[in-house]
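Single-structure report; data block below.
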Amino acid sequence: MQADLSMLKNVGLEHFLIVSAILFSLGIYAVVTRKNAIMVLMGIELILNSANINFIAFSKYSTAELSGHLAAIFVIILAAAEAAIAIAIVLNIYKNFLTVNIDEIDNLKR
Amino acid sequence: MQILGIGILTWIVFLPVVAMLLVLLVPKGRETWIKWISVVATGIQVILAVVMLLNYRYDLAGVNTLEGFQFVEKYRWIDVSGVAWFGRIVIEYFLGVDGLSMPMVVLTALISFIGAIASWELPKTKGYYSLYLLLDTGMMGVFVALDFFLFYVFWEVMLLPMYFLIGIWGGPRREYAAIKFFIYTLLGSVLMLLVMIGLYFSTSIIDPVTGEKIHTFNMLAMMDPRNYEPGSIFSGLHTTWRYIAYIALFIGFAIKVPIVPFHTWLPDAHVEAPTPISVILAGVLLKMGTYGMLRISFPIFPDGMVKYALPMAILGFINIVYGALAAMAQEDFKKLIAYSSISHMGYVVLGISALNTQGVTGGIMQMFNHGTITAMLFLIVGVLYDRAHTRGLDEFGGLANQMPKYFGIVIIAFFAALGLPGLSGFVSEAFVFLGAFQTYKWIAIFSATGVIITAGYILWTTQRLFLGQLPERWKNLPDINARELVTLVPLAIIVIFLGVYPSPLINLMNTSVNHLVRFVSEMGQAGVQLGILP
Amino acid sequence: MLNEFVKILLFLIISVFFVAGALIVNRFIRPHRPNTEKSTIYECGEEPVGNPWIRFNIRFYTVALIFLIFEVEVVFLFPWAVIYKELGLFAFIEMVVFLLILILGYVYAWAKADLEWDKPRPRYLEVSKLKESFMESKSEKVEI
Amino acid sequence: MPEILNMLIASVIPLLFILVYAVVILWVEIKVASHVQDRLGYMYTGGFHGWAQPIADLLKLLTKEHITPANSDKILFTLAPFVVFAGSYAAYAALPFTSTFIAANLNVGIFYIIAITSFVVIGILMAGWSSNNKYSLFGAMRSVAQIVSYEIPTALSILTVVIVAGTLNLQEVCQVQKGGLFNWNIFKYPPFMLITFLIYFIASLAEVNRTPFDIPEAESELVAGYHTEYTGMKFAMFYLAEYANMFLVSGISAILFFGGWDSPFGEFLSGPAWGVFWFVSKGLFFVFLQIMLRWTLPRLRVDQLMYVSWKVLTPISFVNIMAVGLWAILK
Amino acid sequence: MTEQFVIELTQSLKNFLPEVSLTITLSLVILLDLIFGRKFKNIGAFISLAGLVVTLFFTVKQYGGNYQIFRGMFVVDPYSTFFKFVFIISALVIVIFSLQSYELKETSARRRTGEYYFLILSLTLGAFLMAGSVNLVMMYLSLELVSISSYILAGYIKESERSSEASMKYVIYGALSSGLMIYGISLIYGLTGELNIYALNASLLSTGYSPIVLMISLLLMLAGFGYKISAVPFHYWTPDVYEGAPITVTAFLSVSSKAAGFAMLIRFLKASFIDRTVTLGVEGAWAIIQGLPWTEIIAVLSALTMTVGNIIAIWQNNLKRMLAYSSIAHAGYILMGVVVAQNYGISAMLIYFIAYLFMNLGAFYCVMLVAEKTGSEDIEVYKGLGYRAPFLGVVFTIFLVSLTGIPPTFGFIGKLYLFSALINAKVIWLAVVGVLNSVISLYYYIRVVRNMFLRDPESEKASIAFSPAHIVVMLILVIPTLLFGVYFSPIVELAQNSVAMFGLR
């Protein structure tokens, strides 16, 4: 138990950065491999959140300023807005194409 | 010299544009008005050229001295006030003529006039003539512009009208020919653009008005090594960048000439273009390439010129022989003339690469003479094609009896083309060989074989067209008509006149050519010893 | 502060342990005799019909969207509210501007009947008809 | 070491409280229901008014078989009760039971509670989706739509309190209201804070899916909503979470508007121990109110539900917040 | 403290009037459209026009000022004001286009015109903010405002398959690259602890940095910028979106959104990654920060962008798609100005922007008119169009020639200045690539001209008539294209005076 707590106290910047890097990579992986538009969007959300973790971690560990937190709030909000728009667009795509598989939606390439 | 407060050069350059606007305003159904407006405008151009000739001072050299230019017009066109991090920007409206350009101005006026008459029968008159007149302005502007920027603008202004003129009024493969012409020429001119910009940043002069140091597009300033800013890209002589720039410029002009590896657009364009446009192409446009070399490449990059004179002479030789051989192989009359153009432009290249008075004089004379002769030849092809709707040489024969007047004119043109003494072609070719022989003995000797091949194909063509049995289907071929004669006879007179008495043309350019040759060769060899020049 | 959040982590862990514990205890004393009838899903005693994983009404999405807008707004308002009294009138004006812009969106959604649960008629026809209607969209007849 | 122990104890106390409270309130609810409907309810188990009935129920649930419906998403199906319960329980961490006891004294307490309770929404959706049952899915969707809609008025009314209190820390919110009945937020800026409270209270009813907003588990339409397919202990966990939520929102009402652990009589009967009493009794009062409402009001239709949230409560909240804001500065 | 804060803020607001007026306008559009939208279909358009004119007035008044407002969030300087002119003009023109657009009149979009103009204005507002923001978060926010508006605009015709496909592709690529960008921003923030680009630069210079991390974050941020300006590795969305979106939107995106991206990119690079302690001999040149050769990266990007854009454009038969690739190529040209790392390069880009504004909008307008009259954007319908609609043919030809960069058109002047900037900075290889690309581009531009004039109409031969309004719009766009091609001093002076960025030499 003692060990656990001290470990918690020793959490440093690197740990956050590693988490965020993992999250970022997962997001990229999702974007690259998924064919479902919603899944791709979720991958993008992961990327945004990894940036958020970075912001907060940097803000916490480097300076006393709050700018990193502020940035995170704005990113959250933008992520929300973007998700809203994206999902609306995907819905519309579904109405027109009856699928959300982005590989099948390629009328314009032809 | 001014007319109505506007310089004569401005008149001669922009008169066609005025005429073009008039043409555009002509109501529908009045095609004749359009034709007359155009012919009159180009006619006035000829008159203006003659006026200029009459007022021309033969003792002024020009080339790199402002005082040596005549009919100078120099105004600030673009004048952007300076900012801290970048100096004042000045582009001038700077026109003037000297011995190098005067023959070309006369030639352009003449050929444009004749082309306008020759275009009488073409359809879609309004579009045709407005583009034609725009083209005229571009050509004339190139020959009188002394500001590089202005030169470039005129150079490019020609492209689009030419594209349309070939593309709309041309033969069956007109689209291909037009786009090929356009792309080749644009490729050449963008290289020129880069060199121009480089030169602009390398030269700086003191602004006479404000005393500021300004960059300039003034060609004359670019010719003076003292104006080059130290450390700039083209400063000094015999530097790698200057050689690269010279080659780039050379390619740009060579495409227009055309010199052999860049010539493939020419047969297509000439063959597909309608007769008057072929006339313009061969009579004026090709000369721009060599004119550009004389006006820009040589004086601005004398070091490059001197270094690459030999390759250039070899290229000229290749042009002569290749063009002639290719012409020999042609079945199509017009294509034959096109290849003969390549061959004849080779003489020009050879002559000017010799860089002595005879050679350069010969080159310019050949430019003028080839302009008139080849114009005649294309008109001749046009006359035949209008009647027979074919240009296959093998389909004809025995026309001498059927079309005697035509035969007479053709013989003059043909013999002028093969360089028969007494006709203008001989004089210029003789000068070219005289000049070239002094510098590149063997190249000159080998090039002379070109004359023999030329004689071969010209005579063979004469035989195929006019001698032998007249095929049955050409029994009713009418002889040449009055309008066609009007276009051909003046050219024939000039050809004969200059063949017998070439002095007016030689005198016109003599001072300038001497100056140019001295200037370029001394500068080119002087290396870094600057300031030795007039 | 980190400590406080560790406490919350503790809360979460405890709650998970509690649920897990309850389920495990349950596992030892409950019977386990599944059969097909039992594991059939419950539809009031009838045989289940169709696939339950259906597309649901677009309304849910609209609600989510409007919620998102306001929730995001609330996120901004909380920090502002905390120091509201320190900032005084100025903060009030700023907030009014901010809220007005949001209220504009709210009014717009209201006026466009996006706050109604039951819209009078469906906004879209079926997909097949929709495509046809776009083809002949110039004819003005088909309401999309 | 003691630190850890302290923390551990502090975090178990609310659990014990919830368990006791749930058992009690189960009984109370049935009794209230019965009396409202003019009957007696539990009477036999354990003797006095069937006091042992809830315990018996609990034992019964413990011995019930788990049925996992065919074709369900097994992982989500099992995970859902965890999420739901964890969501509501973790919120207790920021509740100040008294002036000296608060498990996690967060400086963003109320914000944290708003955030952590969204877990419940996810849990409900998981449950509804994984059950492979139409009614469950409908119930879950409705529930989510409802919670999400009423989140706005809730958040806005909380915001009003934050303006008044100037802090997000729930302990400090209570501190601000210290000193008797008339220092409580409910009496400030009359009548705006009262309106705020009403909005909060109505919205909180919807947040915990209580009548008149119990559309998600409307028995007559949807069987039992999102937990139709749940049996045994898993079902019990949903139930427990629901009761925990009931007290949670009531407790927040008490804290935000009624002084939390503050004694209504100023210094009289105040102190940490009394604080627990006051807080719990205020909380239970609102729980009682919720139960009463359940048996007095009919259920709303879905469209009415949305109407109330979006077109009544939200605009009023906006006006309210501006009014309070303006008043707060002018004062 | 509060007092001072308020004073600062009111002061800032005074210098924020263009944005404020835009915001008010867009609110009015949505509100009045709700109230009067049923009776007056185009009320949104007219309010937008009025609002834009008012904004223009404020912007003109603002020109020349050079200060920062909102505590280092935003700057007003000639550079941003210049871009605001570009945005306003393009928005004005687009609103006029939209009034005439058949796509908006004949589909379900006609019932949502208020929203349409609202989005156009909000895109413009976002572009305004992009041009002026100097804080990374602010930059990201404004970029997203532009992006989100444009996602919706691209899919504005909901029932059209290609429109919705366009918007989906746009949103996916856009969201991804903005995600990469914000990750890059977070890394830079971690490296320096600053979000303001000036402070960031100072911190980089004073405390040192790891070039690798800086390089990674720059590359990530370039993803965001590159997507906005459709530079090559991030250009995949462009052809699809440009083809699928309504033409008015495509035209708007190709000018406003791209210009905004460039405005921000240049400011960001110039403010963040130059070494201001070093003074170079050449006036107006910037010293690149140690260990981060971003000019080379941009140079490669630029060469790739124009080459890929031009070469793929050759195969396109849909005019909108062709113009999309051409706009990619133009992004490559404009990027050349960044490579120079001199004020001269920026001024060249600014000149090019004005040229691009007129010629590109003009080209899209012509495509729109033709698509309206013939129902297709395919190159086939252009056959013989020069004879069916001579005026349009000539005007379109002028625009295409200008896009190629042949004198005497404005496009040539733009290219001239870009190439001269490169040669002045001795980046000659790129200049050569650039001019060769101009030659390549000629091929596909002239293909359209060829179809219009060198071919005869195939089926339909009737001549096409245009209303005076159409002709006026064409003239408004074609006259500057020609006039500034021969007399460009005012534009050059404007551009030269507009390179001044706040706090930078």
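Labels below follow one simple rule: chain letters A, B, ... track the order of the sequence lines, proteins then strands, and each chain is numbered from 1. Remember, predicted model here, so these are calculated numbers, not experimental data.
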Hey, is E/Lys320 close enough to E/Glu377 for a salt bridge, meaning N to O under 4.0 Å?
yes

Is it true that E/Asp240 and E/Arg321 have a side-chain N and a carboxylate O under 4.0 angstrom from each other?
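Salt bridge between E/Asp240 and E/Arg321, a charged N being under 4.0 Å from a carboxylate O: yes.
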
Is [X] in contact with chain A via its backbone, its side chain, both, or neither, using a 4.5 Å heavy-atom distance?
X        : result
E/Leu187 : both
E/Leu195 : side chain
E/Leu180 : both
E/Ile188 : neither
E/Leu136 : neither

If you tally heavy-atom pairs under 4.5 Å between each of E/Ala175, E/Ser186, E/Gly190, E/Gly174 and chain A, the highest tally belongs to E/Ser186

Residue, of E/Ile148, E/Ile172, E/Leu141, E/Leu191, that accumulates the most heavy atom pairs under 4.5 Å with chain A:
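The residue among E/Ile148, E/Ile172, E/Leu141, E/Leu191 with the greatest pair count is E/Leu141.
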
Checking [X] against chain E: side chain, backbone, both or neither under 4.5 Å from a heavy atom?
X       : answer
A/Phe55 : both
A/Ile28 : side chain
A/Ala30 : neither

Quick one: does any side-chain atom of E/Ser210 pair with a main-chain N or O of E/Val213 as donor and acceptor, under 3.5 Å?
yes

Relative to chain E, which of A/Ile85, A/Asn54, A/Leu70 shows the most heavy atom pairs under 4.5 Å?
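Heavy-atom pair counts peak at A/Asn54.
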
For chain E, the option from A/Gly68, A/Ala37, A/Ala81 that forms the most heavy-atom pairs under 4.5 Å
A/Gly68

When you compare the side chains of E/Asn201 and E/Ser272, does any donor N or O come within less than 3.5 Å of an acceptor on the partner?
no

With a 3.5 Å cut-off and no angle check, do the side chains of E/Glu103 and E/Thr248 form a donor-acceptor pair?
no

Intermediate values then yes/no, ring pair (Phe, Tyr, Trp, His ring centres under 6.0 Å), E/Tyr116 and E/Tyr156:
CA-CA 8 Å; E/Tyr116 176 82; E/Tyr156 206 70; 5.4 Å; yes

Please report the interatomic distance OH(E/Tyr151) to CD(A/Glu82), rounded to the nearest 0.5 Å.
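One finds 4.5 Å between OH of E/Tyr151 and CD of A/Glu82.
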
Measure the CD-OH distance between E/Gln316 and E/Tyr325 for me, rounded to the nearest 0.5 Å.
5.0 Å

